[in-house]
Number of protein chains: 2
Amino acid sequence: MSNSDRPISQHDVARLAGVSQAAVSRTFTDGASVSPETRRQVLEAAEALGYRPNAIARSLIKHSTKIIGIVLVRFGNPFYWYVFREFTRRLQERGYWTLLLNAAQDQQVEETLPMALQYQVDGVIVTSATLSSKMADEAARAGTPVVLFNRYELDTTANAVCCDNVGGGRLVADALLDAGHVWPAYIAGEEGSSTNRDRERGFTERLAERGHTLALREAALEYTYPAGYAAANRLLRSENRPDAIFCASDLIAMGALDCARDLGINVPEQLSIVGYDDIEMAGWPPYSLTTVRQPADRLVETSIEVLLNAIENPGQEPVIEWIPVDLVRRNSARL
Amino acid sequence: MSNSDRPISQHDVARLAGVSQAAVSRTFTDGASVSPETRRQVLEAAEALGYRPNAIARSLIKHSTKIIGIVLVRFGNPFYWYVFREFTRRLQERGYWTLLLNAAQDQQVEETLPMALQYQVDGVIVTSATLSSKMADEAARAGTPVVLFNRYELDTTANAVCCDNVGGGRLVADALLDAGHVWPAYIAGEEGSSTNRDRERGFTERLAERGHTLALREAALEYTYPAGYAAANRLLRSENRPDAIFCASDLIAMGALDCARDLGINVPEQLSIVGYDDIEMAGWPPYSLTTVRQPADRLVETSIEVLLNAIENPGQEPVIEWIPVDLVRRNSARL
DNA sequence: TGACTCGTTGTATACGTATGCAATGAATAC
DNA sequence: GTATTCATTGCATACGTATACAACGAGTCA
């Protein structure tokens with residue numbers, strides 16, 4: 001069509017409507033003072049020219065982009081798919097958009113977070129990764145609130161919303177012991193992560209409190225199905241095969257379950273398997289996984305509330321919110 | 001710490017370094033002319049103040065945000081999760097960031113796309129949704145290229161990168177007939193979608209060419225596991241049970257497979273099941289799904305190339321790229 | 001009629017950065 | 001010695017919008 005190379009600005013609209021640029025700005029700003037008549041003329045001219053306000057220019061003045069940065073580290077876990085969908089959906093409902101920062105490695109958070117800050121995001125949510133104190137300082141200096149999702153860091157200035165992973169581990173220990181298991185094993189996920197550490201700690205702690213010990217331990221190293229399969233394979237071929245396996249995530253547990261089947265081990269009669277997360281697939285009939293449910297909706301909602309609160313009330317002390325978990329009893333464990 | 005409320009700007013850095021604001025800008029602009037000495041002073045001052053360039057202000061001048069909008073409609077399908085991860089990862093490698101637009105319903109694309117344009121994104125990728133001609137016009141007027149992912153629209157001005165869904169349907173028909181199946185059924189996904197329509201068309205067309213007809217048809221309506229289970233349930237309880245089912249997606253096929261098992265039907269001896277997408281789970285042992293592989297990497301790579309090409313060379317004719325598919329033979333079908 | 005309020009409008013400026021232009025100075029060539 | 005080139009620098013302006021401020025006109029009240 002008739003494409004002048006410069007996009008339409010408020011000046012163009014103002015010229016056509018015979019008013020000042022300020023009048024145009026006011027008709028597109030809620031609560032500004034414009035007479036119905038000018039408003040009509042402006043809207044008419046805007047419609048004729050196909051004008052759309054420039055959110056970038058507006059952001060520059062208002063010192064607010066209405067954009068939230070989300071740092072996602074491990075894209076693999078389906079639990080985080082759901083979480084991510086809910087984040088974007090609920091943020092949009094509240095007038096915020098989402099800039100995604102995909103950090104393949106934990107280490108890359110150090111590079112991506114500064115980029116988010118350069119884009120002047122109003123806030124950042126960091127999922128499944130921690131923040132170095134250097135990064136936390138930088139965000140604080142920029143005045144950009146950060147919420148850690150399902151991680152916590154006691155010594156930094158970041159907010160956090162976190163499941164009680166220690167409590168989750170204890171839940172499983174109690175349930176397994178109550179049902180008479182005596183030779184429990186643990187398959188770890190990523191060794192460095194606080195979620196993995198806390199789940200294992202809660203599990204072994206509670207076992208110890210009740211006079212038992214962790215019989216065996218394997219590391220899947222990743223939160224994936226094949227890694228879970230491989231770890232279970234090592235575990236189940238050992239001399240003293242465990243009578244129960246607690247897995248650091250559902251994907252690991254599903255791999256372990258299939259491995260047990262392939263080895264001809266009956267689940268749950270000969271072996272109980274318990275997962276963690278309660279992803280959608282955990283409920284599918286061929287798995288029917290007993291697992292610790294992390295209430296994703298509540299986690300997300302709380303994170304958003306903490307973040308928006310920090311945005312609207314700058315200079316507050318960082319907050320750590322704990323979200324309780326519960327055990328979903330299905331058919332992969334004899335409980 | 002010592003927080004002056006305004007963030008640090010190039011003026012602050014310039015004052016401390018004893019140079020002009022322009023000199024600061026130049027040290028942060030590749031290829032600009034600055035002496036090593038001033039550069040050093042500027043970087044020193046910037047470091048001391050914790051200065052970071054403001055990407056929003058830069059975007060305003062350069063008429064380029066280095067942000068790509070991605071419109072995602074149905075978050076459910078794991079295939080799109082992989083696709084989304086690859087998009088963000090590869091775009092980041094090329095210096096682009098990703099603004100996510102989550103449209104729960106198809107219809108909401110009409111509302112979200114204009115928002116992306118207001119944020120001056122350099123381009124838009126629309127996955128699993130079509131574009132009204134009104135929206136296409138608006139994007140064209142804004143000079144923002146759009147690439148439809150796995151959809152095509154012959155009459156609009158949008159680019160498209162698309163799998164040969166008709167060809168995929170034909171592949172399956174040939175494979176099933178070659179193996180001696182005589183009573184094939186189809187489980188449809190979302191009725192309106194072009195992917196669903198084309199897959200079914202290719203399947204039935206090829207059946208007809210070889211003197212067969214589609215025996216039965218059911219609609220899952222959604223691309224989900226439970227919907228696939230329910231549709232298969234209706235299909236397999238009917239009088240003339242099919243000897244093969246072609247499903248519009250892998251998730252539907254996995255639901256159908258579990259339904260067949262629950263009904264005591266042997267797969268693949270009594271019933272062949274074929275899916276579409278080749279998501280990661282399709283390869284897991286308990287499913288081992290025979291399916292049509294959509295080469296996600298190639299789809300994504302091509303989409304990015306088409307989009308970046310359109311960004312760098314404005315005013316080009318829209319392009320439609322076709323990507324071939326192939327059949328992955330596993331154990332859910334007797335082929 | 002004059003003083004006052006109040007809603008509307010335009011002017012001017014600011015947000016933080018990039019860049020065209022002219023000025024400066026050093027280095028080179030004759 | 002002068003003329004010329006060239007890299008570097010600061011000044012000024014532009015990007016598109018929001019808003020403080022003052023000006024204006026209409027209306028109200030005394």
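Owing to the predicted nature of the structure, the values given are computational and were not obtained by experimental measurement. Residue numbers start from 1 in every chain, and the chains themselves are labelled A, B, ... in the order their sequence lines are given, proteins ahead of strands.
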Output for pair (B:L308 CG, B:I68 CD1), nearest 0.5 Å, gives 6.0 Å

Length of the CD-P vector between A:Q10 and D:dT19, whole Å
11 Å

Quick check on C:dC15: is either OP1 or OP2 less than 4.0 Å from any side-chain nitrogen or oxygen of A:Q120?
no

Looking at A:K134 and A:D137, does any basic side-chain N land under 4.0 Å from a carboxylate oxygen?
no

Is the closest side-chain donor-acceptor distance between B:E110 and B:S132 under 3.5 Å?
yes

For the pair A:R90 and A:D297, find out whether any cationic side-chain nitrogen is under 4.0 Å from an anionic carboxylate oxygen.
yes

Any side-chain heavy atom of A:F84 within less than 4.5 Å of one from A:T127?
no

Side-chain N or O of B:T38 closer than 4.0 Å to phosphate OP1/OP2 of D:dT9:
yes

So, with a heavy-atom separation below 4.0 Å from DNA chain C, the residues of residues 16-32 of chain B are B:Q21, B:A22, B:S25, B:R26, B:T29

Does the side chain of B:C163 come within less than 4.5 Å of B:W322's, by heavy atoms?
no

How bent is the helix from C:dT1-D:dA30 to C:dC30-D:dG1, measuring the angle between the end axes built from five pairs each, rounded to 10°?
50°

Which of residues 49-68 of chain A have a heavy atom under 4.0 Å from DNA chain C?
A:L60, A:I61, A:H63

Quick test of your reading of the model: are B:E312 and B:R94 salt-bridged, counting only N-O distances below 4.0 Å?
no

Donor-acceptor contact present, side-chain B:S303 to main-chain B:F149, <3.5 Å:
no

For B:E138, is there an ion pair with A:R52 - N to carboxylate O distance below 4.0 angstrom?
yes

Interatomic distance, A:E321 atom CD to A:I323 atom CD1 [nearest 0.5 angstrom]:
6.5 Å

Looking at A:S35, does any N or O in its side chain come under 4.0 Å of the phosphate oxygens OP1/OP2 on C:dT8?
no

